[in-house]
Amino acid sequence: DTGVSQNPRHKITKRGQNVTFRCDPISEHNRLYWYRQTLGQGPEFLTYFQNEAQLEKSRLLSDRFSAERPKGSFSTLEIQRTEQGDSAMYLCASSLGGISSTDTQYFGPGTRLTVL
Amino acid sequence: GIQVEQSPPDLILQEGANSTLRCNFSDSVNNLQWFHQNPWGQLINLFYIPSGTKQNGRLSATTVATERYSLLYISSSQTTDSGVYFCAAGGGYQKVTFGTGTKLQVIP
């Protein structure tokens with residue numbers, strides 16, 4: 001068990017460019033979550049997957065944002081035409097899921113995005 | 001959606017002191033978790049506790065679901081306890097809403 005990993009750890013981009021982040025969950029985990037965290041705030045839910053199905057998306061996730069989880073393994077989060085307001089820490093978490101009601105979320109180290 | 005409020009927002013403790021952090025939530029929950037975010041930004045899950053009481057070393061947590069609050073107790077605090085403590089709650093088992101956190105500083 002190597003934990004949740006995210007790449008890259010840091011990304012600096014110019015406004016208007018597209019960026020893509022990757023998350024590798026804990027291997028046996030069925031659920032995968034994306035959050036965004038800005039300075040001084042708690043993480044805000046963006047979307048989550050049960051295996052390869054994207055089951056819920058926040059209203060925060062505008063049409064410039066898209067997330068995928070092909071084959072129910074790793075996930076990618078793409079932001080098109082980045083804006084300065086997109087600057088934040090993007091966090092990924094995974095959980096075991098299934099029929100258990102105890103569904104602890106384990107977080108990755110995050111990807112810090114800076115849009116110039 | 002569910003609202004989550006945490007208090008106090010900031011807390012400074014002398015090493016060795018005890019503290020209680022509070023989380024109030026606006027609706028019934030099936031999912032309540034406490035996290036610690038260390039100074040490097042890593043979120044670590046402390047407890048999954050939608051009801052009842054759990055203990056893990058110097059930390060313990062109690063959730064009174066009928067009264068819509070949860071408490072996190074830190075005893076004999078250490079400098080490594082510094083960071084931000086978040087409560088996250090949800091009505092379902094998946095999506096959770098985070099509070100704004102309690103920033104704890106433990107001084108030697």
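In what follows, every chain begins at residue 1, and chains take the letters A, B, ... in the order their sequences are listed. These figures come from a predicted structure and were not determined experimentally.
- Every salt bridge (charged side-chain N to carboxylate O under 4.0 Å, His left out) that A:Arg64 has, sequence neighbours left out, goes to A:Glu83, A:Asp86.
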Please list every donor-acceptor pair under 3.5 Å in which a side-chain atom of residues 38-48 of chain A meets a protein atom from a residue at least two apart or in another chain.
{"unit_1": "A:Thr47", "atom_1": "OG1", "unit_2": "A:Gln54", "atom_2": "NE2", "d": "2.7"}
{"unit_1": "A:Thr47", "atom_1": "OG1", "unit_2": "A:Glu56", "atom_2": "O", "d": "2.7"}

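- No side-chain donor-acceptor contact under 3.5 Å links B:Ser51 to the backbone of B:Ala65.
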Mind listing the side-chain donor-acceptor pairs of residues 100-108 of chain B below 3.5 Å, one per line with the distance, residues two or more places apart or on another chain?
{"unit_1": "B:Thr102", "atom_1": "OG1", "unit_2": "B:Pro8", "atom_2": "O", "d": "2.6"}

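- Heavy-atom distances place the side chain of A:Leu91, and not its backbone, under 4.5 Å from chain B.
- Contact annotation for residues 72-82 of chain A against chain B (heavy-atom separation below 4.5 Å): no residues qualify.
- Proximity of B:Asn56 to B:Phe47: side-chain heavy atoms (C-beta onward) are separated by under 4.5 Å at one or more points.
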>> Run the side chain to side chain contact (heavy atoms under 4.5 Å, CB included) test on B:Phe98 and B:Val4 for me, step by step, so that the C-alpha distance in whole Å, both residues' side-chain angles and the decisive distance to 0.1 Å come before the verdict.
In response: CA-CA 7 Å; B:Phe98 279 75; B:Val4 181; over 6 Å; no
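- Considering only heavy-atom pairs separated by less than 4.5 Å from chain B, the leading option among A:Ser95, A:Ala93, A:Gly108 is A:Gly108.
- For the pair B:Val64 and B:Ser70, the minimum side-chain heavy-atom distance is 4.5 Å or more.
- With a 4.5 Å cut-off on non-hydrogen atoms, B:Gln6 does not touch chain A at all.
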